[in-house]
> 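One structure coming up, written as structure tokens, with questions to follow.
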Protein chains: 2
Amino acid sequence: MDAREQWRRFDRWLCRVPELDITLDVSRMPLDDSFVRCMAPAMTRAFDEMAALEAGAIANRDENRMVGHYWLRAPDLAPSAEIARVIRASIVAVQKFAEDVHAGRVRPPGAPRFTQLLCVGIGGSALGPMFVADALGHPSRDQLAPHFLDNTDPDGIARLLAGLNGRLGETLCIVTSKSGGTPETRNSMLLVEAAYREAGLEFSRHAVAITMPGSAMDKHAEQQKWLARFEMFDWVGGRTSVTSVVGLLPAALQGLDIAAMLEGAKLCDAATRVSDPMKNPASLMALAWHAATDGRGARDMVVLPYKDRLLLLGRYLQQLIMESLGKRLDRDGKTVEQGLTVYGNKGSTDQHAYVQQLRDGVANFFVTFVRVLDGGDDALEVQPGATSGDFLHGFLLGTREALSESGRASMMLTLPRVDGRSLGALIALFERAVGLYASLLNINAYDQPGVEAGKKAAASVLALQRRLLATLNSSPQSVEELAAKLDPSAGAGAIETIYLLLEHLAARGLARRASGDTPESVRYSLSGIRVE
Amino acid sequence: MDAREQWRRFDRWLCRVPELDITLDVSRMPLDDSFVRCMAPAMTRAFDEMAALEAGAIANRDENRMVGHYWLRAPDLAPSAEIARVIRASIVAVQKFAEDVHAGRVRPPGAPRFTQLLCVGIGGSALGPMFVADALGHPSRDQLAPHFLDNTDPDGIARLLAGLNGRLGETLCIVTSKSGGTPETRNSMLLVEAAYREAGLEFSRHAVAITMPGSAMDKHAEQQKWLARFEMFDWVGGRTSVTSVVGLLPAALQGLDIAAMLEGAKLCDAATRVSDPMKNPASLMALAWHAATDGRGARDMVVLPYKDRLLLLGRYLQQLIMESLGKRLDRDGKTVEQGLTVYGNKGSTDQHAYVQQLRDGVANFFVTFVRVLDGGDDALEVQPGATSGDFLHGFLLGTREALSESGRASMMLTLPRVDGRSLGALIALFERAVGLYASLLNINAYDQPGVEAGKKAAASVLALQRRLLATLNSSPQSVEELAAKLDPSAGAGAIETIYLLLEHLAARGLARRASGDTPESVRYSLSGIRVE
């Protein structure tokens, strides 16, 4: 293709959303008219299914729930007046609580106001809020400085608490868990509670819950008289909860403009309801994904925002996309093993990491560039006629061109700037693209059976650990002897798991390696120093 | 396979490094005896090439340089007494400088001592140091608090400087650039310099250079009388520089145990010179990569350390592995488009993000689990008989088992704890595995032609931007008119690039959109408010 042909293709395929100043360029994706025509019936079905979803159809069949994240930014569209009311009330409540905290009307017992915000949650309760906090925050302007605990690593938790540097007394803690039963979140909460106690502070005077009414955590928070409890709606899934209280409360407390985020998302929702797939950036994106991956995840998506503030976009999209699309069965129960792998950090930084492979190596990907036009204050010329931001932009265009020369596909999303409005639009755009794409693949984007199975697998490992500890005694026993006594469930890795648990128990001082050094020869006994 | 067969396979394939307490389990990778036998001649060649490399052979042919990162932790093995001497001298110099800074003998003009460390660098000059800082640091024990600038985003730089919160006067700044010509690093340095100036501080009294003697940066630092200059050896590549001054100086200033890191790396180097591939974790890893990816990057490697401190391992390995292996040509000049895609953050966090897809979706990956036995202080029971660390470990074992049940391959590296020694060993292990694997593929692991090409592409975009600005005038012109005048190089994206540059110049206030809204119809003129 020569420059003029390429230019006409660029012009023709460019999708603009004037009300948001956003454009999506898919001219370098393997899309053509015949593909779009061929996909038209499937895309029409996808739009119909999306319309049904937005009207309140049950989409998450596993959990028999509606899927209503689009209502969060347009309560008028909610399927009932009651839902519209609770959405509006939740936004008012978030804003009022944030104002009260900022003004010191809600304050910790021992300090004039809260200055730090500790968010405890995992998955959808962490990735969206972290992404927003990093994209929009600024250390000199944030009302509260945000921190996140998103795991069950005791050392990681202790280190984060140490980093609060004695300011636990000024720290407001949000615990987010839909059911209250997510172990990582519950464990972090218990360790944080203990830290407050050790510092002579009353956790409940610092704590806020975001959970479903009546959940274990809700009851705990009520009993303990936490500062506040916010409702998580059963029709909002974790990975699409960033425009619900889950994302709005931390953002509002940090001092970010949540009204702008909601407005951006709402405008983008409207723009992605347009039924001409060429004029709708979400359907165009879904078609481009399909074309680039043969509709079966045959290529990875590399996310490359040229903007430090968007570093976490890749991690956010990993969850939104891979958890939504990574499914074994389609909606007819056929085994399909679907998905779309996502990774990436930021440009131009990643050009000095893995872009070498993208340019020259395995052709197993396409790139989604994110370009931001207004880069903020950028006056200093670092060489005659060029600023640091000119370089950033130049690296993006140079890499985009070089990838095309190597025959690698890419698309480019251009945002006017990184602010609440654009960020809300960005989130809504990918939410909609995922939903439409899942329809094209005939899979359910709104369940996560593998995550549920993972929780069960871990619980059975912990149960085995307890039984193993009870089976150890003062005489050294081999792994196979112990396995025979435990008669663990017949999984292929059952004996091995016992060995690995013994190593873990030895590291914790509860078991003792008595002799041997290979897995088959080693003998374990109960440690004398067991702490009850 | 039943549990006893699986257990015997586990025992037989387990590779132990007793002197480091590290084990590598490859029993769940698609490896068997016939594959190992079949690869034996190639592996013997790989060991021979590695021995030649360690003896000082020219491996980086592009740059006509030796590749000597293994000498950094065993100077006795260096190919000349002079190289051994400069390595030893560099370590002494790093330790002395760090002691002087910690004791306040080297101090800023306006404060009793440095408390903050700002590291400016990109690629190998950032990813290794960041990984080490995060893996080993602790806010209460760090001598200096580390911060990293690894891009040319003016907004990102400004935000990081704002986060120093008025402590620029206590901030020591290391600028790391081999040639001194890496634009991102040079730009960041200039913006940082300006920030010191604006704060009434003299940058040179806060600045340290790590660069090649005689480079542009070296001369600049000498002229400006920076606090110190450290030498980057021409035989150490960026992505294997973490055990050189590049990684050691920031680590030592932070107060980390660099002697332990070097010792761990040295011991691992010794263990990975063992020529029996089954007893050498690096060759076993390389064989496992080959088996899982058909020796052509057919599957991605997902890196899942169950440890918050190892969050950046995935990003570190992205560079080490993808930049080393992502090559178009093999050493005979044949087009091979090689590579091995790497991504991943940490467990169990990622179980709530993309592990849904790993369990159920596209079978396009294998997992490298990293397990840490001693998880630090972990006394609090979060449920009867189970600590937060027991959960972390249980999630790892549960997910490993579930992936096997879905037929997904995984390997598992077990470390005794995360300390300097283990971290040095981990780094050395992957460095060696990459080197051996590249030999198996007959590619050069030590060049990066695509990165060099990327720098040139960006420079030509910036040159085009300058010429475009000079071609704009007060009368509105279309993109095609401007393109005709500029007669840009004939690349397919040439006209498009001009359009994108015009959008960028308009956002900077230098160009003005006079009319039109589609790329073909838009007209641009020179903005009246151009700032000279």
Side-chain angles (χ1 to χ4, degrees), chain A residues 3 6-7 10-11 122-123 139-140 151-156 162-163 187 190 297 308 318-319 322-323 326 328 339 343 349 352-354 356-357 359-362 373-374 376 378 382 385 388-389 391 393-395 397-398 401 448 450 457-458 461-462 466 492-496 504 507 519-520, chain B residues 3 6-7 10-11 122-123 139-140 151-156 162-163 187 190 297 308 318-319 322-323 326 328 339 343 349 352-354 356-357 359-362 373 376 378 382 385 388-389 391-395 397-398 401 448 450 457-458 461-462 466 492-496 504 507 519-520:
Chain A
Q6 177 75 45
W7 167 242
F10 174 80
D11 181 77
I122 194 166
S140 327
N151 201 0
T152 181
D153 176 2
D155 170 58
N187 296 350
L190 292 171
D308 287 355
Q318 272 181 337
Q319 189 202 28
M322 294 175 75
E323 194 163 277
R328 188 184 311 284
Y343 67 92
T349 307
H352 296 259
Y354 59 80
Q356 164 66 35
Q357 179 169 315
R359 292 177 59 111
D360 287 359
V362 202
L373 284 175
D374 181 351
D378 183 29
V382 291
S388 193
F391 271 88
H393 185 254
F395 284 125
L397 296 192
E401 204 57 26
Q448 50 282 330
V461 170
L462 286 178
R466 267 194 305 278
I495 308 178
E496 212 173 305
H504 171 71
E520 289 207 341
Chain B
Q6 176 76 43
W7 167 242
F10 175 79
D11 182 77
I122 195 167
S140 327
N151 202 0
T152 182
D153 176 1
D155 171 59
N187 296 350
L190 292 172
D308 286 355
Q318 272 180 338
Q319 190 202 28
M322 295 174 77
E323 194 163 278
R328 187 184 313 281
Y343 67 92
T349 307
H352 295 259
Y354 58 80
Q356 164 66 37
Q357 179 169 315
R359 292 177 59 111
D360 287 0
V362 202
L373 283 174
D378 183 29
V382 291
S388 192
F391 271 89
L392 188 66
H393 185 253
F395 283 124
L397 297 191
E401 205 57 24
Q448 49 283 330
V461 170
L462 285 179
R466 267 195 304 279
I495 306 177
E496 212 174 305
H504 171 71
E520 290 206 341

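Any value given below was found using the heavy atoms of this structure, including those in side chains, with hydrogens, waters and symmetry copies removed.
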> Could you pull out the closest heavy-atom pair between Ile122(A) and His352(B), with the gap in Å?
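Closest approach of Ile122(A) to His352(B), heavy atoms only: CD1-CD2, 3.5 Å.
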> Among Asp155(B), Leu190(B), Asn187(B), find the one that has a side-chain contact (heavy atoms from CB on, under 4.5 Å) with Ser388(A).
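The residue from Asp155(B), Leu190(B), Asn187(B) that satisfies side-chain contact (heavy atoms from CB on, under 4.5 Å) with Ser388(A) turns out to be Asn187(B).
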> Using the salt bridge (charged side-chain N to carboxylate O under 4.0 Å, His left out) criterion, which residues pair with Asp308(B)? Sequence neighbours excluded.
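Partners of Asp308(B) by the salt bridge (charged side-chain N to carboxylate O under 4.0 Å, His left out) criterion, ordered by chain and then number, come out as Lys346(B).
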> Looking at Val382(A), Asp360(A), Asp374(A), which has the largest count of heavy-atom pairs under 4.5 Å with chain B?
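Most heavy-atom pairs within the cutoff with chain B belong to Asp360(A).
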> Gly123(B), Ala353(B), Ala162(B): which one forms the most heavy-atom pairs within less than 4.5 Å of chain A?
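The option with the most such pairs is Ala353(B).
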> Please identify, among Asp153(B), Leu392(B), Leu373(B), Val461(B), the residue contributing the most non-hydrogen atom pairs under 4.5 Å to chain A.
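The candidate making the most pairs under 4.5 Å is Asp153(B).
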> Residues in ring pair (Phe, Tyr, Trp, His ring centres under 6.0 Å) with His393(B), at least two apart?
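Residues passing ring pair (Phe, Tyr, Trp, His ring centres under 6.0 Å) with His393(B): His504(A).
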> List the atom of Trp7(B), the atom of Pro519(A), and the distance in Å for their closest heavy-atom pair.
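Smallest interatomic distance, heavy atoms only, reads CZ2-O, 3.3 Å.
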> So, Gln356(B) side chain and Gly450(A) main chain: donor-acceptor pair closer than 3.5 Å or not?
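At least one qualifying donor-acceptor pair exists.
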> Looking at chain B, which one of Gln319(A), Met322(A), Glu401(A) has the largest number of heavy-atom pairs inside 4.5 Å, strictly under?
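Max contact count across the listed options: Met322(A).
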> Shorter than 4.5 Å, heavy atoms on both sides: which option in Arg328(A), Gln318(A), Gln357(A) has the most such pairs with chain B?
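Answer, by heavy-atom pair count under 4.5 Å with chain B: Gln357(A).
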